[in-house]
Amino acid sequence: MTLEQTAPLAYPMPKATGCPFDPPPDLKSLQAEERLAKVEIWDGSTPWLVTRFADQRALLADPRVSADSTRTGYPDSIPNVSRDRDSFAFIQMDDPEHARLRRMVTAPFMIKRVRAMQPGVQQIVDNLIDQLLAGPQPADLVEAIALPVPSLVICQLLGVPYDDHDFFQETSRMLIRLETPPAERKAAADRLIEYLDGLIGRKLAEPADDVLTELADRVRTGELTRREAAGTGILLLVAGHETTANMIALGTLALMEHPEQFAVLRDTDDPKVVARAVEELLRYLNITHRGRRRVATEDFEYAGRQIRAGDGLIFPNDIANRDPEAFADPDTLDVERDARRHVAFGFGVHQCLGQPLARMELQVVYSTLYRRIPTLRRAVDLDQIDFKHDAQIYGVYSLPVTW
């Protein structure tokens, strides 16, 4: 591949066989050659791909770049089933609408509130590890630990009955699977909207101490429509368990493939060491590997390229976090490095709202699981593990382990 290429490369690019943790080789080559490059996506459109760390941070914070997915030229990652404004979460809106809706759910994810939740999360993790140790071997770490930890936590936070987890987990999978037909994706979204709308209705009648009740109060005062409240609930519910669950499983697998790094976490009880390791795993793995999407709202020049109003832009954070200009020896997993500047949670005003909670959950799991089960190891060969190449959130479908 050279700069003289005549046609845009297809995006996303496939990962190399046998390298489940690394960005696609073509993407790494593109980063070395071009800061911004045109790529072709599923619908034949050719948005800009922003390949480097510094450029992603600059453009994600640029007011001429919009997150509004209803704008013409927005590079959807999958076929969009609706342009109805009410169908979108606030992460796909611009200020002031984005800020108005985001403020209404900011408080539960503030660091002080999250720290207060830590003892409860620790109890959840301890109980699940007890059950894992009492069960048969091999066991599936995804089912035993990775999925139930964030699902239980987000259910408690939102006030969603955990007994419904099979429903919302399966429906969430349909939403994020790339191969789900558009009609089925819309049907899944409608079912989740109906489910959250029902819960909002119950919170209006029977208030409790949870986030859905706070959203219901906003509906009662006229600050939110019931549809907006349900949409916000879906965003928090789906994002709250899918991303962290995949980080727990994929992070554990990556550590098992790097025994010396596994040993750092296994042998420490220092919270600072654990926190640093979590940041490095977030940098190294990048489960949101399909890239954040934006669209230009006006003409402007950047890095010698003329960007036109309506041009789509894609920000693949998997390659940004492997940029050698930002991180030395970026393809090496080093849990003792300082990786806090990574863009795994995005950058700018749309940076992930739930990152304090995600960090705390990962720190509790990583600091507990390997110390309590120091001989934890995978029970099948690496090439037998089914990776989520067909989903917007990367990870593994199952992780058989023994000890």
Side-chain angles (χ1 to χ4, degrees), residues 21 108-130 132 141-142 144-157 236 239-288 317 321 327 333-346 351-374 376 393-396 399 401:
F21 309 121
F109 299 100
M110 296 182 74
I111 291 176
K112 187 175 181 180
R113 292 271 295 267
V114 168
R115 283 178 179 160
M117 296 172 61
Q118 184 162 340
V121 174
Q122 183 68 60
Q123 188 62 57
I124 288 172
V125 172
D126 285 337
N127 291 344
L128 290 169
I129 293 175
D130 287 343
L132 175 68
L141 193 80
V142 172
I145 303 290
L147 197 50
V149 169
S151 297
L152 281 161
V153 171
I154 200 65
C155 282
Q156 290 181 4
L157 185 66
L236 300 179
H241 77 269
E242 277 291 344
T243 51
T244 307
N246 283 292
M247 265 306 299
I248 291 172
L250 196 62
T252 297
L253 179 59
L255 290 167
M256 288 191 292
E257 296 307 301
H258 297 80
E260 72 290 352
Q261 303 298 308
F262 184 97
V264 172
L265 280 164
R266 181 195 63 204
D267 298 340
T268 187
D269 57 4
D270 185 342
K272 293 181 181 177
V273 173
V274 176
R276 191 159 52 230
V278 165
E279 299 308 313
E280 170 65 352
L281 286 164
L282 287 164
R283 181 200 71 83
Y284 181 76
L285 293 171
N286 286 293
I287 57 166
T288 52
N317 49 304
N321 283 338
F327 300 98
L333 175 64
D334 176 5
V335 297
E336 296 181 275
R337 83 161 79 208
D338 181 359
R340 286 175 296 176
R341 292 190 308 136
H342 64 74
V343 289
F345 293 115
Q351 196 168 150
C352 175
L353 175 71
Q355 57 183 292
L357 179 61
R359 284 187 162 105
M360 183 268 283
E361 291 179 78
L362 293 173
Q363 289 168 13
V364 171
V365 172
Y366 291 152
S367 66
T368 308
L369 182 61
Y370 316 136
R371 280 194 288 112
R372 288 197 57 188
I373 316 180
L376 188 73
I393 305 296
Y394 188 59
V396 295
L399 180 55
V401 295

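Using modelled atom types, one finds no donor on one side chain facing an acceptor on the other under 3.5 Å when comparing Gln122 with Gln118. Arg359 and Gln363 share no side-chain donor-acceptor pair at under 3.5 Å. Inspection of the Tyr370 and Thr252 side chains reveals an N or O donor paired with an N or O acceptor under 3.5 Å.
Partners of Arg337 by salt bridge (Lys or Arg N to Asp or Glu O under 4.0 Å), not counting sequence neighbours, listed by chain and number: Glu280. Among residues two or more places apart in sequence or in another chain, the salt bridge (Lys or Arg N to Asp or Glu O under 4.0 Å) test is passed with Glu257 by Arg378. Under the side chain to side chain donor-acceptor pair (under 3.5 Å) criterion, Glu336 pairs with no residue at all, not counting sequence neighbours. Asn321 meets the side chain to side chain donor-acceptor pair (under 3.5 Å) test with Asn286; sequence neighbours excluded.
Between Asn246 and Gly395, the closest heavy-atom pair is OD1-CA, 3.5 Å. Here the closest heavy-atom approach between residue Ala249 and residue Val142 is recorded as CB-CG2, 3.9 Å. Pairing each heavy atom of Ala339 with each of Arg283, the nearest pair is CB-CD, 3.9 Å. Closest heavy-atom contact between Pro150 and Ile248: CD-CD1, 4.1 Å. Shown here for Ala254 and Leu333, the closest heavy-atom pair between the two residues is O-CD2, 4.2 Å. Ala144 and Pro148 get closest at one heavy-atom pair: O-CG, 3.4 Å.
Of the inter-residue distances, the one linking Leu353 atom CG with Met110 atom CE reads 10.5 Å to the nearest 0.5 angstrom. Interatomic distance, Ile145 CD1 to Leu128 CG, rounded to the nearest 0.5 Å: 5.0 Å. Note that CG of Leu285 is 9.0 Å distant from CG of Leu253, once rounded to the nearest 0.5 Å. Rounding to the nearest 0.5 angstrom, the gap separating the CG atom in Leu141 from the CG atom in Leu132 is 7.0 Å. Interatomic distance, CG of Leu376 versus CG of Leu255, reported as 10.0 Å (0.5 Å rounding). Distance OG1/Thr368 to CD1/Ile129: 5.5 Å, rounded to 0.5 Å.
In this structure, the side chains of Leu157 and Leu357 come closer than 4.5 Å at one or more pairs of heavy atoms. By the 4.5 Å heavy-atom criterion applied to side chains, Met256 and Leu399 are counted as neighbours. Side-chain contact between Cys352 and Thr243 is absent, with no heavy atoms from C-beta onward closer than 4.5 Å.
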Only distances under 3.5 Å count here; give the side-chain donor-acceptor pairs of residues 260-272 to other protein atoms, sequence neighbours excluded, each with its distance to 0.1 Å.
{"residue": "Gln261", "atom": "OE1", "partner": "Val335", "partner atom": "N", "Å": "2.7"}
{"residue": "Thr268", "atom": "OG1", "partner": "Asp270", "partner atom": "N", "Å": "3.0"}
{"residue": "Asp270", "atom": "OD1", "partner": "Lys272", "partner atom": "N", "Å": "2.9"}

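The closest donor-acceptor contact from the side chain of Glu242 to the backbone of Ala239 lies at 3.5 Å or more, if one exists at all. Remark: side-chain polar atoms of Asp338 are paired, donor with acceptor, to backbone N or O of Arg340 under 3.5 angstrom.
Using a 30° and 60° split on the angle between ring planes, Tyr284 and Phe21 fall in the tilted class, from 30° to 60°. Ring-plane geometry between Phe345 and His342 is classed as tilted, the angle between the planes lying from 30 to 60 degrees on a 0 to 90 degree scale.
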>> Could you go through Gln355 and Gln351, starting from their C-alpha distance and side-chain angles, then the distance that decides it, and tell me whether this counts as side chain to side chain contact (heavy atoms under 4.5 Å, CB included)?
In response: CA-CA 8 Å; Gln355 57 183 292; Gln351 196 168 150; 3.1 Å; yes
>> One pair to check against side chain to side chain contact (heavy atoms under 4.5 Å, CB included): Thr288 and Tyr394. What are the steps and the verdict?
In response: CA-CA 6 Å; Thr288 52; Tyr394 188 59; over 6 Å; no
>> Apply side chain to side chain contact (heavy atoms under 4.5 Å, CB included) to residues Thr244 and Ile154 and explain how you reach the verdict.
In response: CA-CA 11 Å; Thr244 307; Ile154 200 65; over 6 Å; no
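Residue pairs that meet the salt bridge (charged side-chain N to carboxylate O under 4.0 Å, His left out) test with at least one member in residues 360-374, sequence neighbours left out, are Asp126-Arg372, Asp130-Arg372.
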